[in-house]
There are 2 protein chains.
Amino acid sequence: MSGDAQISRLKPGRRTDIRRENERAILEAAEKVFAEAGFGGATMQLIADMAGLPKANLHYYFATKEDLYRRVVQQIFEIWLDAASSFDNAPGPVEGIGAYIDAKMDISRTHPHGSKVWASEVMHGAPVIQDYLETTLRDWTNGRIAVIQRWIDEGKMQPVNPRHLLYMLWATTQHYADFGHQIQTLNGGAALTEKQWKEAKASVKDMVLRGIGAI
Amino acid sequence: MSGDAQISRLKPGRRTDIRRENERAILEAAEKVFAEAGFGGATMQLIADMAGLPKANLHYYFATKEDLYRRVVQQIFEIWLDAASSFDNAPGPVEGIGAYIDAKMDISRTHPHGSKVWASEVMHGAPVIQDYLETTLRDWTNGRIAVIQRWIDEGKMQPVNPRHLLYMLWATTQHYADFGHQIQTLNGGAALTEKQWKEAKASVKDMVLRGIGAI
DNA sequence: TCATTTCCTGACCGTATGGTCAAGGTGAAG
DNA sequence: CTTCACCTTGACCATACGGTCAGGAAATGA
């Protein structure tokens with residue numbers, strides 16, 4: 001566990017704001033702790049400390065550790081679903097997949113903790129979000145596969161397997177969040193600079209779009 | 001935690017074999033439990049049960065939980081390093097990178113647990129294998145980057161960024177192990193068949209090799 | 001001001017976990 | 001057979017964890 005400072009908290013203000021602000025601070029702290037320690041390694045005490053609240057106060061807002069964890073996982077999933085909109089209404093793979101890569105790379109940079117929590121959850125057999133995988137994710141996947149297949153039929157890209165293309169997109173973009181520590185170590189210990197992130201995005205887009213024969 | 005049966009154990013035999021066989025059974029059980037529950041979620045009791053030994057016996061062979069965990073992580077790392085030999089002595093990217101993808105995809109299929117443990121370790125900031133990242137992995141990476149750059153200079157592939165190509169290779173191949181549960185769910189709940197694995201390998205190789213302009 | 005709801009928190013509890021230990025079992029060597 | 005090093009294990013311990021609770025503080029509305 002890194003010794004990062006605690007999550008910033010705004011002044012309480014009105015009654016409604018107290019709840020919203022505390023839940024936000026707790027979720028932000030929880031996302032970080034769950035990402036860095038895993039579900040089993042995370043402790044409510046650690047999350048409380050990082051959120052700047054007594055542990056008992058966490059249980060006032062979130063009944064159990066599982067409840068809190070579930071909320072964190074749902075959060076990143078919804079962010080990813082939003083990013084997927086860049087996929088639709090695109091005339092072809094260069095725009096659609098290009099925008100999707102951009103969006104997912106941006107999320108890997110801005111929400112690395114959430115990505116790790118999701119990865120950890122799936123690696124452990126998705127005990128709390130299995131239903132999401134079987135419903136929302138499956139439907140979303142089938143929808144995008146249809147879009148990709150249409151692009152293939154229209155001759156806008158090579159006839160690659162759409163499903164494995166999606167896996168490659170997920171794997172490659174999320175790798176920059178999930179394995180960010182490894183990437184940073186191989187970068188001499190320094191986090192990627194703005195310029196390096198641009199280079200990463202450009203490299204991924206270039207290789208993927210050429211790989212599917214879209215450029 | 002899935003309710004899988006315990007790890008098989010052979011008869012002890014001679015004195016030397018007792019140690020070897022027990023350590024093997026413990027490591028095999030540990031790899032599975034660490035992968036499915038994470039370091040924090042894994043318990044020595046669970047590993048002991050799966051290995052078919054009393055918990056106290058685990059501490060006879062491995063002093064602490066960390067010791068056991070470290071051995072498991074080292075194991076998968078060495079397997080990956082071995083697979084990297086397919087990279088060398090290749091005349092060009094089609095053979096070298098193609099063989100590397102094949103090898104890593106095979107490992108994702110045969111050692112999914114180890115891959116997950118590694119991913120989990122890196123995601124948590126590599127607390128126990130940081131030195132490997134800074135020495136062995138960095139050297140290995142720089143070596144392969146040089147090989148890729150040579151291929152580029154020889155006109156055998158497009159001038160892509162070698163580093164990001166390696167990240168794409170790692171991400172994509174390991175995704176089939178680390179996110180195997182998600183892939184299985186999207187496959188209707190069934191594990192990939194022999195035929196589907198071949199399709200996966202072919203798809204990955206096809207997209208990557210075309211993506212770097214090697215085919 | 002007063003009543004009511006919401007929020008806060010120190011102290012506490014039962015449980016589970018990593019690890020220890022001492023006593024006993026077992027194979028190999030002479 | 002005897003010896004001895006190696007292996008096995010039930011019982012035990014200190015700690016840490018998730019969760020509870022009662023009583024008090026603070027905000028809201030009349």
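In the text below, chain A, chain B and the rest are named by the order of the sequence lines, each starting its count at 1. For the numbers below, each heavy atom of this structure counts, side chains included, while hydrogens, waters and symmetry mates do not.
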Candidate nucleotides dG19(D), dC8(C), dG19(C), ranked by approach to the side chain of Y60(A) - the nearest: dC8(C)
Give a yes or no on whether a donor-acceptor pair under 3.5 Å exists between the nucleobase atoms of dG19(D), that is its base, and the side chain of K65(A). no
Send over the distance from L46(A) CG to dA16(D) P, rounded to a whole Å. 14 Å
Rounded distance in Å - CZ (F34(A)) to P (dC17(D)): 14 Å
Respond yes when some side-chain nitrogen or oxygen of N22(A) is under 4.0 Å from OP1 or OP2 of dC8(C), and no when none is. yes
By the 4.0 Å heavy-atom rule, please label A42(B) as base, sugar-phosphate, or nothing. sugar-phosphate
Output the rounded distance in Å from CG (D49(A)) to P (dT9(C)). 13 Å
Write down the distance between CG (N57(A)) and C1' (dC21(D)), rounded to a whole number of angstrom. 14 Å
Rounded to whole Å, please give me the gap between CG in L58(A) and C1' in dG10(C). 15 Å
Between E31(B) and I76(B), is the side-chain contact (heavy atoms from CB on, under 4.5 Å) condition met? List the steps. CA-CA 10 Å; E31(B) 181 178 288; I76(B) 186 68; 5.8 Å; no
Expressed as a whole number of angstroms, how long is the span from Q45(A):CD to dA11(C):C1'? 13 Å
Minimum-distance nucleotide to H59(B) side chain [options: dT8(D), dG19(C), dC7(C)]: dG19(C)
Y167(B)-Q182(A) side chain donor-acceptor pair, cut-off 3.5 Å: no
For residues F77(B) and W80(B), establish whether the separation of their ring centroids is below 6.0 Å. no
Please determine if a side-chain N or O atom of R19(B) lies less than 4.0 Å away from the OP1 or OP2 oxygen of dC6(D). no
Separation of L53(A) atom CG from dC7(C) atom P, in whole Å? 13 Å
So, E134(B) versus Q130(B): side-chain donor-acceptor pair below 3.5 Å or not? yes
Between dG19(C), dT9(D), dG19(D), which one does the side chain of A56(B) approach most closely? dT9(D)
Just compare dT9(C), dG19(C), dT9(D) and give me whichever is closest to any side-chain atom of P54(A). dT9(C)
Separation of K55(A) atom NZ from dG18(D) atom P, in whole Å? 7 Å
Considering every strand and a 4.0 Å limit on heavy-atom distances, what is the contact class for Y61(B): base, sugar-phosphate, or nothing? sugar-phosphate
Inter-residue atom distance K201(A).NZ - D102(A).CG, 0.5 Å rounding: 4.0 Å
Can you figure out which of dG18(D), dG18(C), dC7(D) approaches the side chain of I18(B) most closely? dC7(D)
